[in-house]
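Step one of this worksheet: look at the structure below.
We use all heavy atoms of the structure for the numbers below, so side chains are in, but hydrogens, waters and symmetry mates are not. A note on names: the letters A, B, ... follow the listed sequences, proteins ahead of strands, and every chain is numbered from 1.
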Amino acid sequence: MTDSYDPTAVEAKWRARWAERGTNQPDLDRAAKPFYNLMMFPYPSAEGLHVGNLFAFSGSDVFGRFKRLKGYDVFEPIGFDAFGIHSENYAIKIGTHPGELIPRNITNFRRQLERVGGMFDWRHELSTTDPKYYKWTQWLFLQLYQAGKAYKKKAAVNWCPFDKTVLANEQVINGACERCGTMVEQRLLEQWFFRITEYAERLLNNLDRLDWSDTTATAQRNWLGRSEGAELSFEMPAGGGIKVFTTRPDTIFGATFMVLAPEHPLVRQIVTAEHRLDVDRYVRDVKSKDLVSRKVGDREKSGVFTGAYARNPANGESIPIWVADYVLMEYGTGAIMAVPGHDQRDFEFATRFSLPIVRVIAGDGAEAGTPLAEAYTDNVHGRLVNSGQFDGQPVAQGKPAIIRWLESRKSGKGVVQYRLHDWCISRQRYWGPPIPIIYCDACGTVPVPEKDLPVILPPIEDFRPDDSGISPLARHEEWYYVPCPQCGKRARRETDVSDTFLDSAWYYLRYPSTEFDDRPFDPSRTRKWLPVTTYIGGNEHAVLHLLYSRFLAMVLHDLGHIHFEEPFTKFRAHGLIVKDGAKMSKSKGNVVVPDEYIAQWGADTFRMYLMFLGPFQEGGDFRDAGINGPRRFLDKVWQLVSEVSTEPAGGELTKTLVSKWHRTRMKMHDDIESLHYNTAIAALMDLVNQMRENGCREPEMVRDVVVMLSPFAPHFGEECWERLGGKGSVFDAGWPLWDPGLVVEDQVEIPVQINGKTRSKVMVPRDSEEPAVVEAAKRDPTVKRFVDGHEIRKVIYVPNRLLNLLVG
RNA sequence: GCCCUGGUGGUGAAACUGGUAGACACGCUAUCUUGAGGGGGUAGUGCCGUAAGGCGUCGCGGUUCGAAUCCGCGCCAGGGCACCA
């Protein structure tokens with residue numbers, strides 16, 4: 001066998017072989033050791049998968065193939081997240097209907113994913129745009145609706161008057177539409193929400209027992225934004241009170257005014273006649289701004305006085321009530337007590353409008369009367385001043401003491417606030433699953449009966465959004481008007497579609513059950529395969545996708561549909577492949593298309609290269625220098641395979657080599673398990689180098705090299721396995737076991753330090769005692785030079801590690 | 001501004017619970033394969049020095065027999081959040 005390695009031929013052969021043999025298709029009903037290896041499914045863009053995507057997919061695939069070698073029945077499904085604004089915008093831009101564009105893109109993605117050698121079970125491929133899929137997305141909506149977890153309310157959205165479309169916050173750059181540059185406005189529209197806030201505490205607490213990347217869990221914690229504080233009530237002379245949330249109840253004596261968000265319902269009630277005009281104008285002004293720039297922190301404070309006053313419950317003082325846009329309706333109660341002495345924003349506001357600033361916390365060395373040049377916001381150091389009976393208490397004690405005092409006077413209570421908002425799931429767009437709701441003049445809001453699902457997204461020519469702020473679906477009359485499911489009279493459909501994140505929040509549940517049309521997820525399949533064993537994906541989804549998925553699983557669990565409430569037992573975020581220091585993106589023009597690399601080098605070399613370039617969870621900068629390294633390595637292995645001995649070497653192998661062999665089995669196993677693919681590959685290269693240096697062609701060792709290489713280079717592995725006379729697939733060969741006794745060597749090299757500096761090394765038998773090692777060291781000429789004529793004052797010996805001699 | 005990550009040769013990177021810094025690979029140098037096109041083998045390759053040796057993991061301090069690793073204070077880069085009361 002002297003033919004040279006031809007990746008194109010080998011890879012084509014095994015792609016065909018896998019398809020024909022069903023190698024990648026576990027028996028979902030009878031699998032003995034199910035392992036659900038999930039990778040975040042891609043959004044099928046027109047450009048195809050770039051190098052960064054393939055890095056992520058390859059890494060996930062290596063893990064799946066490794067688990068397969070470990071004897072698991074690995075289910076590695078794939079699908080397409082094909083609905084959404086991205087697809088729709090691109091379709092608008094090139095003037096093609098998304099219904100035409102998306103299948104084309106999917107075909108391309110499928111080709112790429114197959115070409116790179118993913119162990120995908122294509123029988124279970126899904127697309128979120130398939131009515132067979134979104135039927136159940138709609139069903140899910142109905143489940144939430146019926147459980148009272150979905151509701152409708154008016155909410156502000158960003159609106160681009162030129163593109164006549166609703167924009168997501170990310171699509172607004174400095175207050176302007178990212179596409180046309182027009183200044184964006186706020187519009188109030190009726191929107192559907194899911195009550196994710198009800199689950200905030202559970203979403204937070206469960207994080208402690210999930211095996212997730214730290215960065216991801218931290219990002220979720222921040223997003224949930226738990227704050228402990230108090231809800232306090234400020235009474236108004238006319239009756240009624242204003243509720244505020246504060247994390248600093250200890251500063252209440254310093255509250256010199258109040259601020260309401262412009263949207264606060266009380267604004268209209270309390271404003272006095274002489275201030276009405278000003279307040280109305282201000283509120284209108286704020287509404288004309290977009291949602292993003294309103295929340296920019298470094299803007300100059302603006303606001304207006306309502307003419308009304310409230311009573312500070314701590315000291316009874318009458319304080320003015322203002323309206324300002326730095327207070328947001330969606331957090332806390334939409335109203336604050338302003339403490340300019342100890343909150344920078346309040347300080348700026350007070351300065352701008354000449355409102356009194358009172359110090360109620362004195363930091364180290366500060367006096368009660370010292371004026372403030374800026375807010376003193378330290379909430380750890382300092383003691384209360386100008387605070388009546390609480391004067392002198394440290395902040396840490398003052399906080400609970402004041403809460404207790406206010407509770408006893410019924411003007412406040414300790415509460416926990418979350419930053420998380422309810423999930424707005426409606427989109428005034430075309431390319432998504434229609435929300436399955438019907439509005440009837442007689443019966444009100446009526447859910448579409450389950451038997452009528454799916455509500456098919458009608459194919460309409462003009463899918464562009466228009467000036468009305470109403471989804472394009474409203475223009476499709478035959479679709480829009482529908483008999484009411486309850487009374488049969490003419491009724492109207494909900495014309496909004498649901499958020500793409502709803503599609504992707506449950507796709508993992510669908511994969512094992514794609515062949516069932518009469519249920520979203522088959523109970524026994526679900527019980528067998530879920531929750532997902534290992535999930536790998538990008539950290540850009542740390543909050544949205546991963547949080548929404550967790551929320552939906554909790555709801556489905558509580559409704560009795562599934563047996564678990566956390567969908568992803570183990571989650572690992574892969575690193576990002578950047579190019580010239582920037583994340584690959586089409587707008588930056590630095591996207592590297594993998595196809596030509598694969599055509600030139602083959603998928604196996606390319607996979608090896610990507611996995612070798614750095615730690616999988618860190619990613620790295622893509623440059624093609626060095627891709628010939630992995631290729632050379634594969635050539636070397638190819639040669640080993642073609643030169644393999646026919647007889648086992650037996651006792652001829654050196655102990656060092658045998659030990660290296662077993663160590664490699666162990667190290668690669670542990671490294672792959674922890675996703676350290678780069679060092680696993682390095683270990684294998686090391687073994688191969690040693691075998692070549694020793695002229696070793698031992699059949700079992702060559703066989704192991706091929707097996708251990710195969711997760712990274714699957715086609716290559718199969719081909720070599722076959723050439724070595726292996727039966728079936730290499731992935732059924734099993735990961736080679738190591739003998740713990742052979743992993744260590746008999747002789748160890750001990751570095752010898754003199755006064756902490758390494759001067760020499762000595763070889764000693766493993767587990768030598770200190771005196772023996774010291775003797776050996778003293779015989780070493782270099783050591784001798786340093787030690788002779790000096791007294792050894794202290795010996796530090798770490799067995800099998802190091803010897804440190806302290807000489808005087 | 002806040003919160004994460006990270007900073008090691010010419011390059012990508014290794015380094016177990018504090019114990020030989022630079023594994024593995026790219027590149028480079030020399031040399032062999034009678035010459036070539038991204039071919040292969042061998043040797044070398046952190047820096048200074050002929051050598052002995054000295055200096056080296058962003059900087060400055062500290063803990064320790066011993067620090068890339070732990071602590072304090074800075075600096076720089078990437079990512080995320082951002083008027084959240």
Side-chain angles (χ1 to χ4, degrees), chain A residues 4 213-216 218-219 221-223 225 227 229 244-248 251 255 259 261 292 294-299 301 324-328 330-339 342-346 348-349 377 417-421 539-540 542-543 573 575-576 578 581-583 600 608-609 612-615 617-633 635-636 639 667 670 676 678-689 692 749-761 782 785 793-798 800-806:
Chain A
S4 63
S213 302
D214 274 352
T215 50
T216 315
T218 309
R221 281 192 190 95
N222 293 343
W223 185 265
S227 302
V244 302
F245 172 73
T246 178
T247 53
R248 297 295 306 275
T251 63
V259 185
V292 178
R294 158 142 182 216
K295 294 183 183 178
V296 170
D298 49 10
R299 249 183 46 230
K301 294 284 173 290
D325 68 351
Y326 79 92
V327 174
L328 308 172
E330 65 267 23
Y331 185 74
T333 61
I336 61 159
M337 65 172 201
V339 184
H342 305 284
D343 181 284
Q344 189 56 28
R345 296 154 300 182
D346 298 344
E348 285 163 22
F349 194 84
T377 55
Q417 261 301 325
Y418 289 90
R419 207 191 67 129
L420 180 73
H421 304 318
N539 227 2
E540 67 271 22
V543 284
L576 239 41
V578 297
K583 186 178 169 178
Q600 186 183 349
M608 292 276 295
Y609 171 66
F612 186 56
L613 111 180
Q617 291 178 87
E618 285 170 34
D621 209 341
F622 183 87
R623 57 194 72 182
D624 50 16
I627 191 168
N628 49 338
R631 173 53 193 265
R632 277 181 204 158
F633 175 67
D635 282 334
K636 287 179 191 172
Q639 202 187 349
K667 180 167 172 55
D670 295 351
H676 292 121
N678 54 333
T679 50
I681 294 172
L684 190 62
M685 287 175 165
D686 203 14
L687 177 66
V688 168
N689 288 345
R692 285 161 56 86
E749 192 184 52
I750 304 279
V752 182
Q753 302 186 335
I754 313 293
N755 292 338
K757 282 201 173 293
T758 305
R759 295 298 177 182
S760 190
K761 296 154 194 175
T782 315
R785 213 170 45 237
R793 289 191 305 191
K794 195 174 176 190
V795 175
I796 292 147
Y797 175 61
V798 185
N800 304 321
R801 270 282 146 72
L802 148 143
L803 178 71
N804 189 3
L805 303 175
L806 303 187

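Base pairing of G44(B): its partner is C28(B), meeting the Watson-Crick or G-U wobble criterion (both donor-acceptor distances under 3.5 Å).
Each of A13(B), G19(B), C3(B) was ranked by its minimum atom distance to the side chain of N222(A); first place goes to C3(B). Listed nucleotides A15(B), G27(B), G53(B) differ in distance to T679(A); the shortest reach to its side chain belongs to A15(B). Comparing C81(B), A85(B), C24(B) against the side chain of M685(A) picks out C24(B) as the nearest. With C55(B), G41(B), A25(B) as the choices, the nucleotide that has an atom nearest any side-chain atom of F612(A) turns out to be A25(B). Closest approach to the D686(A) side chain among C24(B), G53(B), C26(B) is made by C24(B) (side chain taken as heavy atoms from C-beta onward). Residue D343(A) places its side chain closer to A85(B) than to any other of C81(B), A85(B), G53(B).
Heavy atoms of D325(A) sit under 4.0 angstrom from at least one base atom. V327(A) comes within 4.0 angstrom of a base, heavy atoms only. Contacts of P615(A) with the nucleic acid, taken as non-hydrogen atoms under 4.0 Å apart, involve only primed sugar atoms and P, OP1 or OP2. Using a 4.0 Å heavy-atom cutoff across all strands shown, K761(A) reaches at least one base atom of the nucleic acid. Residue I796(A) is in base contact, counting any heavy-atom pair closer than 4.0 Å across all strands shown. When heavy atoms are screened at a 4.0 angstrom cut-off, I336(A) is found touching base atoms of the nucleic acid. T758(A) comes within 4.0 angstrom of sugar-phosphate atoms only, judged by non-hydrogen atoms across all strands, and of no base.
Side-chain N/O atoms of Q753(A) and base N/O atoms of U20(B) include no donor-acceptor pair closer than 3.5 Å. Checked by distance alone, R221(A) brings no side-chain donor or acceptor within 3.5 Å of a matching partner on the base of C4(B).
Spacing of C1' atoms, C65(B) relative to G18(B), comes out at 12 Å, to the nearest Å. Rounded to a whole angstrom, the distance from the P atom of A51(B) to that of G19(B) is 31 Å. Going from the P atom of G35(B) to that of U31(B) covers 13 Å, rounded to whole Å. Only the C1' atoms considered, G9(B) is 13 Å distant from A14(B), to the nearest whole Å. To the nearest whole angstrom, the two C1' atoms, one in A67(B) and one in U8(B), are 14 Å apart.
Checking the phosphate oxygens (OP1, OP2) of C65(B), no side-chain nitrogen or oxygen of R801(A) falls inside 4.0 Å.
Remark: the backbone N or O of A573(A) is paired with a side-chain donor or acceptor of S213(A) at under 3.5 angstrom.
Note on ring orientation: taking the six-membered ring where Trp is involved, the planes of Y331(A) and F245(A) are perpendicular (angle over 60°, cut-offs 30° and 60°).
Stacking of K301(A) on the aromatic ring of Y326(A) is recorded, both the 6.0 Å distance cut-off and the 45° axial limit being met.
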